[in-house]
Amino acid sequence: MILLDEPTERVCAAIVSGELAPVRLAIVAPGGYGKTAVLEHLAGADNVRLVDDAHLLSEAELTELLRFLDDEHAGLVIAARPHPRPDGLNQVLGRLRGQIVLRPFDRDRTAAFLGGAERAEAVHAESGGVPGLVRAVGDLSLLRHELDQAGDDLVRFLLAAEAGMGPDLVHGQNEAAHATGLVAGDGRLLPIAARALRELISRDRQIALRTQLVELQLERQGPVLPLVRPLIGAGLTGTEIGAAFEAAAEEASAEPALAARLYEAAVKAGRRIGARWAEAVARTGDFDEALRLADDVIATEDAPDRADAARVAGTALAHRGQLAHSAELFQWSDTGDSACFAAIGLVGTGRLAEAEASLEKCRAGGPPTLLSGAVSSAARGVLESVTGQPAMALSILVRAAEMLEPVSARQLLPDSPAALAALVALHSGEAVIAEPLLDRAIETGTLATRHRLLRAWIAMLRGDEEAAAEGLREAGNELSPRDWLFAVGLRVGLARRASDLAALRRIWGQAREAVMRHPVDLFTFLPFGEFEVAAARLGERARLAPHLRQGRQLLSALGDPPLWATAMHWSGLHAAILDERPDEAAEHAGALAAGAGPYFAVMARAGESWLKVLGGDVDPEAVEAAARGLHGVGLCWDGARLAGQAAIRTSDRKAMVALLDCARVLQGREPSVAPGPARLSDRERQVAELVLAGLTYKQIGDRLFISAKTVEHHVARMRHRIGAGSRSELLAELRAELEPAQGTT
C-alpha cells in the first residue's frame, strides 16, 4: 500500500483514464520513495510503456528506448534513481515531457500508512517519512538487499555519515548515498539506516570498513571519537588502532566513563597510557581501580608520568578519607598544583610546618592558570583558617572557588575550594555565604555529591529537615568513603533532631563503620561531632573515645585554632550534658570563650547559658538572647532547642510561655496560642496527666482500660494540635495546659 499525495493521484488517474495521452513522464527519486508502487498503480493504462530502475539499464536497452520514443504516439513512464546517470538515460529523460515528483510522507500520511497515530511520531522521526523506510521500521530485513548491493565505498560513506563526517571523509559517494534514500537532504544518515548498518552488515565487514575510516581520519589529523566508539570491545590490536583509541579518549575527556573504556582499549591494543587512564577511571568515581592503575605507574621506574600518577593516587586517597597518605603522594609528585594539594592535606592532618613549606613550593611552581591560581589560593585560605583570621580565610577561599568555576568541570580534584569555603563558613557561622557558593559549584563543577551533602548539612543546622533529607536523596547511594561519612553524619543528625531513638539506634551501626573507615581530619569535625553527641545519647561514648582523642590531638598540633576547635567543643558540651558529666561540660563551655570575634562570643554565651539552664538557673532574657544568637549564626535548631529546654526547666509559667514562643519563632513556626481547657478533650487530659507523671503508654492504657496503641494515638493528636516540635516541647506545653486546672483542685 502506498499513499499518494493529491497532485500525484490526479496525474495517475489521468494516465489510467487515457485523458493524458500520449504520456511521456519520468519518476526520478531515491530508493524507497515509491517509484515502483506508482508504476504498479499505472499498470492498467493503455498504450503506456512502464520502465522501472532505468538507472540500471544497459546502453543497448537505453538505445532501444530512444528508438521507441521516435514514435510520437508512444507513451512512456520511466522510473529511475538520480544516481547513477548514464549518458543514454540522460538522452531518454531529455525526450520526456515532464516528471512525477515523489516526496516523503508528512506525519499525517505516516499515520495513515500505519493505520493510526500511536507510533506515527516515532516512526516518522526514524524514517524521515521515506515510504519504503516507514515500512522497514517494522521489518528491518527489507533493507538487507540495499546494503548487500552497496559496494565498500558506499558503505564506508554511510558509516562516515553515521559519525557525522560523510562527504568530508569519503569523496565521490555523496550522490550515490543520497540515491539510496538512506540519507536525508542535509546529509544526515537517517536513524533507521544507522540501525540497519549495525544490524544487517556483518561484524567483520563493519570492523574492517570502520578501521579504514579511522586510518583515513588519523592521516587527516581530524577527530576520531565518533568513528572509534563502535570499535570498543572489538579486540583490535596494532599501532594505528591503539593510537586511534588513545586520541579518541582525549576527545572524550568530558565523558570520563567513555574515556576510561577507550584508554583501556588503547592499552589492550598495545599502547602505553599510564596515568591518563588512572585519571579517567578516578573521574568516574571508581577510586579503588584508579589507585591500582596509578600505583602500577608509580612502581614503574622508567614511567615518564609517575608524578601524574602520584597526583591521581593522592586525589583518590583524599576521596577515600586517607588524607595523610594523600598529602605524602602529593608531596612526592612535586609539581606546583600538587604542592598546593599537599599543603591542604598537611594542614588537615596537623602537620603545620610541613604545610607552610609545601605552600612555598605551591607559590613558586607552574604557569599562572586558573587552576593553579585557585588551588594556590585554596591552600593559603586553609592555612589562614588555622593561623590567622577566619574572615580572611573565608574570603580567600570564596575567591578561589569563584576563580575555579569556569574550568572546574574538567578537573580531577581531591577537594574543591567551594567545599573548603563551605566548611570554613559552617565553622564560623557564615552559612549564608556558603549556600550560594555550593549552588554554583553544583551547577558548574565537579564533586557535585560533596557539595550537595554540605548544602544538606546547612539545611539540617537551620532546622530544615525536609531539605536536608532531600539533599541526602540527591546525593544517591554510590558514595566515596568521605562522602559516605558525611551522609551518615546527616542521617545521625536528622534522627537526633527528630528525637527518633529507634532510628538513631539503627543508624549507629553505619556510624561506627564510617568512623572505622575514615580517620579524623580537620575537615571531618562536623560528622564526628554528630557522632559524639549520638554516642552519648546511646551510651556508646567509649567506642568513639579514641577517635575523638585523635581529633583533639590534631587541634593541639595546630595550636587549637578557634575556628575549628569551636565545633568540637560545642559537640563535646552536648555529649557531656547527655552523659551527665557537668565538669566536662563546664570545661567545653569554658573553651568556647577562647575565640575572639562575634561568632565566638555567640558560642561562648550559648555554652554558658546551657550550663546555667541545666543547673536550674533560667534567666529568660539571657536564654532568649543566646538562642537568638545561635539562630543568627545558622544554628537555628540549636537555638530553638536551648529555648525549649529552658522552658521545661523554669518554674515561672510566664517565662516558660515566652521561651516556648521563642523556640517556635526560631523554628519558623507561629507562637503558641494562649492555653485553655478547650485545647484538650477530657480523655486527652487524663492521658496528659499520666504522661506528665512519667507512666509508659502500657501503664497508662492499663490505668484507663484502653490499649497502649490508643494512648499513642492520643499523644500524637495532642502533639499535632498543640504544634509541639519535640517530646520535650510537648511535655512543657502539657504542663502549661494542666497547671491551671491542677491548681484549682
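Excluded from the calculations below are hydrogen atoms, water molecules and symmetry mates; all remaining heavy atoms, backbone and side chain alike, are included. Residue numbers count from 1 along this sequence. Source: prediction; values computed, not measured.
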Under 4.0 Å between a Lys/Arg side-chain N and an Asp/Glu carboxylate O for Glu405 and Arg440?
-> yes
Going from OG on Ser408 to CD on Glu402, what distance comes out if it is rounded to the nearest 0.5 angstrom?
-> 12.0 Å
Does the ring centre of Trp564 sit less than 6.0 Å away from the ring centre of Phe523?
-> yes
SB check Arg220 Glu215 (cutoff 4.0 Å) | no
Short N-O contact, Asp560 and Arg552, less than 4.0 angstrom | no
Sorted by chain and number, sequence neighbours left out, ring-ring contact (aromatic ring centres under 6.0 Å, His included) with Tyr263 holds for none
Between Asp337 and Arg311, is there a salt bridge with N-O shorter than 4.0 Å?
-> no
Is it possible for you to check whether Arg271 lies under 6.0 Å from the centre of the six-membered ring of Phe245, through NZ or CZ, and within 45° of that ring's axis?
-> no
Salt bridge between Arg283 and Glu279, side-chain N to carboxylate O under 4.0 Å?
-> no
Could you tell me which non-hydrogen atom of Gly489 sits nearest to which non-hydrogen atom of Pro527, and how far apart they are?
-> CA-CB, 4.3 Å
How far apart are the closest heavy atoms of Asn174 and Pro167, and which atoms are they?
-> OD1-CG, 4.0 Å
For the pair Phe330 and Phe341, name the ring-plane relationship: parallel under 30°, tilted 30 to 60°, perpendicular over 60°.
-> tilted
Counting only N and O atoms by type, is there a donor-acceptor contact under 3.5 Å from the side chain of Ser326 to the main-chain atoms of Gln322?
-> no
Working to the nearest 0.5 Å, report the span between OG of Ser480 and CG of Asp286.
-> 12.0 Å
Would you find a donor on one side and an acceptor on the other, under 3.5 Å apart, between the side chain of Ser333 and the backbone of Leu329?
-> no
Between CG on residue Leu563 and CD on residue Glu384, distance to nearest 0.5 Å = 10.5 Å
Side-chain donor/acceptor of Arg188 to backbone N/O of Gly164, under 3.5 Å | no
Verify whether one side chain among Asp638 and Trp570 offers a donor that lies under 3.5 Å from an acceptor in the other.
-> yes
Is a side-chain donor or acceptor of Glu251 paired with a backbone partner of Val224 at a separation under 3.5 angstrom?
-> yes
Are Glu470 and Arg455 close enough for a salt bridge, meaning some N to O gap below 4.0 Å?
-> no
If you measure from the Lys or Arg side-chain nitrogens to the Asp or Glu carboxylate oxygens, is any gap between Arg497 and Glu465 under 4.0 Å?
-> no
dist Ile458:CD1 -> Leu453:CG (nearest 0.5 Å) comes out at 11.5 Å
Ser395 and Arg399 side chains, donor-acceptor separation under 3.5 Å | yes
Are a donor atom and an acceptor atom from the side chains of Thr566 and His427 found within less than 3.5 Å of each other?
-> no
Check: Gly373 main-chain N/O paired with Ser376 side-chain donor or acceptor under 3.5 Å = no
Can you name the nearest heavy-atom pair linking Ala303 to Arg272, along with the distance?
-> CA-NH2, 3.7 Å
Pairwise side-chain contact, Leu420 with Pro417, heavy-atom cut-off 4.5 Å (strictly under) | no
Counting only N and O atoms by type, is there a donor-acceptor contact under 3.5 Å from the side chain of Thr387 to the main-chain atoms of Leu383?
-> yes
Has the side chain of Ser253 got a donor or acceptor atom that lies under 3.5 Å from a matching backbone atom of Ala249?
-> no
Ring pair (Phe, Tyr, Trp, His ring centres under 6.0 Å): pairs with one or both residues in residues 264-299, sequence neighbours excluded = Phe287-His319
Taking all non-hydrogen atoms of both residues, which atom of Ala161 and which atom of Gly187 are closest, and how far apart?
-> CB-O, 4.3 Å
Flag the pair Thr284 / Glu289 as yes when at least one side-chain heavy-atom distance between them is below 4.5 Å, and no otherwise.
-> no
Do Arg320 and Asp288 sit within salt-bridge range, that is, some charged N less than 4.0 Å from a carboxylate O?
-> yes
Side-chain (Gln217) to main-chain (Pro223) donor-acceptor, under 3.5 angstrom = yes
Going by heavy atoms in the side chains, are Pro519 and Gln550 under 4.5 Å from each other?
-> yes
